[in-house]
Amino acid sequence: MVRTASGPEERQASWWSSAPGAEAVFAGVVIVALAFLVAMPGSGDSYGQSGGGAGVLFIFPILAGMSVPVLLGLGLLHAVVFTRPALALARRTGRGAAAVAWLLAASAASALVAWCAGAPYGAALAWIAGIGVPPLLVAHLALRRGTRPGAVVARASVATPVLVLVALATVSGMSDAGAFDTYEPPSPERAAYVGEWHGEGDEVIRLYEGGEAAVERVKTSGFGGNGTSCTGTGTWTARAEEPRYGTRAGVDIDVPGCSRWGKTWEVSGTAARPELFQWIGDPDSGDLQLLHRSGAAAAAHPHG
């Protein structure tokens, strides 16, 4: 960073003009970073819940627009803590390095707060310092060139949606190129389902080679289930994945004696350690029911 100008105009600049447009630049940087993070595919299993996909292109701009006043308020706080003191220190000392030193020191202190809240210190420091760089650089250049705050805000307002589209296009292109290590669920053979499947509690599903099934204390998944559980016997069939409909491989378990029984279970985990899951309750806010295969089912028929 070069030395900051200190002419008469700058010395008499208003409080807002002492860091022209820093608040708007901060808001824009946060929006672009969030767009990148939202579009980034996860490396773990989402258990059938969509990560947003193309819907992000429609939903994200609306949410971002609604959050602009909040982000501008946070930007004002950010400028008070980071940008304005850094530029004031650079003017007083006549050294641009002083602004960098303030930014790093303030970021280190803020990252310590995030670390106390449970965040990794190194990642928090990188994010806080990285987000603080663009407002500082833009405000510094605006001061040197005598750019009015309103002009900086206008340019930031135009640049932000353009950079959001660039971020989304970049993530999409990288995904198509296979740059991300995304999760792929297994597609087991029928024999891999035969055995005992246990949940986190005392839920048990036994799938037998002959197609019989025994269910013990497994929660029902239909609407209005009210936490009831199912214990009974029935039949099961393996189901292949259907990529056209986004359906995973899994099993269908029919238990005639159970009301609101969700017969469809999908596969998760890995080929070596498969899991069966389904969502219980409201699909939008339900609970994940996860079963792990613990061994082969007894050879005896479930009816004895």
Side-chain angles (χ1 to χ4, degrees), residues 1 13-42 51-88 99-100 102-143 145 147-172:
M1 182 182 293
S14 67
W15 183 72
W16 190 44
S17 301
S18 64
E23 298 87 353
V25 175
F26 171 84
V29 170
V30 172
I31 290 174
V32 174
L34 288 177
F36 194 85
L37 291 176
V38 168
M40 185 82 70
V56 173
L57 295 174
F58 300 97
I59 298 174
F60 184 83
I62 298 174
L63 296 178
M66 294 172 61
S67 64
V68 164
V70 176
L71 290 176
L72 288 176
L74 292 176
L76 178 62
L77 177 62
H78 184 273
V80 169
V81 175
F82 291 87
T83 313
R84 287 192 174 89
L87 292 174
V100 178
W102 178 270
L103 175 62
L104 291 177
S107 299
S110 301
L112 186 60
V113 175
W115 176 76
C116 291
Y121 183 80
L125 176 59
W127 274 101
I128 295 172
I131 289 177
V133 169
L136 182 60
L137 286 176
V138 172
H140 168 71
L141 292 174
L143 286 175
R145 297 174 180 177
T147 307
R148 295 180 179 276
V152 179
V153 172
R155 293 171 187 175
S157 301
V158 173
T160 297
V162 173
L163 292 177
V164 166
L165 292 177
V166 171
L168 295 176
T170 300
V171 172
S172 177

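Just so we're clear, the structure is a prediction, and the values are computed from it rather than from any experiment.
Looking at every heavy atom in both residues, Ala139 comes nearest to Leu87 through CB-CD1, 3.8 Å. When every heavy atom of Ala142 is checked against every heavy atom of Val152, the shortest pair comes out as CB-CG2, 3.8 Å. Listed here is the closest heavy atom pair of Ala22 and Ala79: CB-CB, 4.2 Å. When all heavy atoms are compared, the tightest approach of Pro135 to Gly132 is CD-O, 3.5 Å.
Residues passing the side-chain contact (heavy atoms from CB on, under 4.5 Å) test with Thr170 are Val166, Met174, sequence neighbours excluded.
Without hydrogens or angle criteria, Trp102 side chain to Val81 main chain gives a donor-acceptor distance under 3.5 Å. Tyr121 places a side-chain N or O within donor-acceptor distance of the main-chain N or O of Ala108, the cut-off being under 3.5 Å.
Taking CG from Leu163 and CG from Leu168, the interatomic distance works out to 11.0 Å, rounded to the nearest 0.5 Å. Taking CD1 from Ile31 and CZ from Phe26, the interatomic distance works out to 10.0 Å, rounded to the nearest 0.5 Å. Here the CG atom belonging to Leu125 is positioned 10.5 Å from the CG atom belonging to Leu112, to the nearest 0.5 angstrom. Here the CG atom belonging to Leu143 is positioned 7.5 Å from the OG atom belonging to Ser18, to the nearest 0.5 angstrom. To the nearest 0.5 Å, atoms NE2 (His78) and CZ (Arg84) are separated by 11.5 Å. For the atom pair Leu103 CG and Ile131 CD1, the distance stands at 11.0 Å (nearest 0.5 Å).
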Taking distance alone, no hydrogens or angles, what donor-acceptor pairs closer than 3.5 Å link side-chain atoms of residues 68-75 to residues at least two apart or in another chain?
none

- Evaluation steps, side chain to side chain contact (heavy atoms under 4.5 Å, CB included), between Arg155 and Thr147: CA-CA 11 Å; Arg155 293 171 187 175; Thr147 307; 3.9 Å; yes

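With Val25 as the fixed residue, the side chain to side chain contact (heavy atoms under 4.5 Å, CB included) test singles out one of Val30, Leu136, Val138: Val138.
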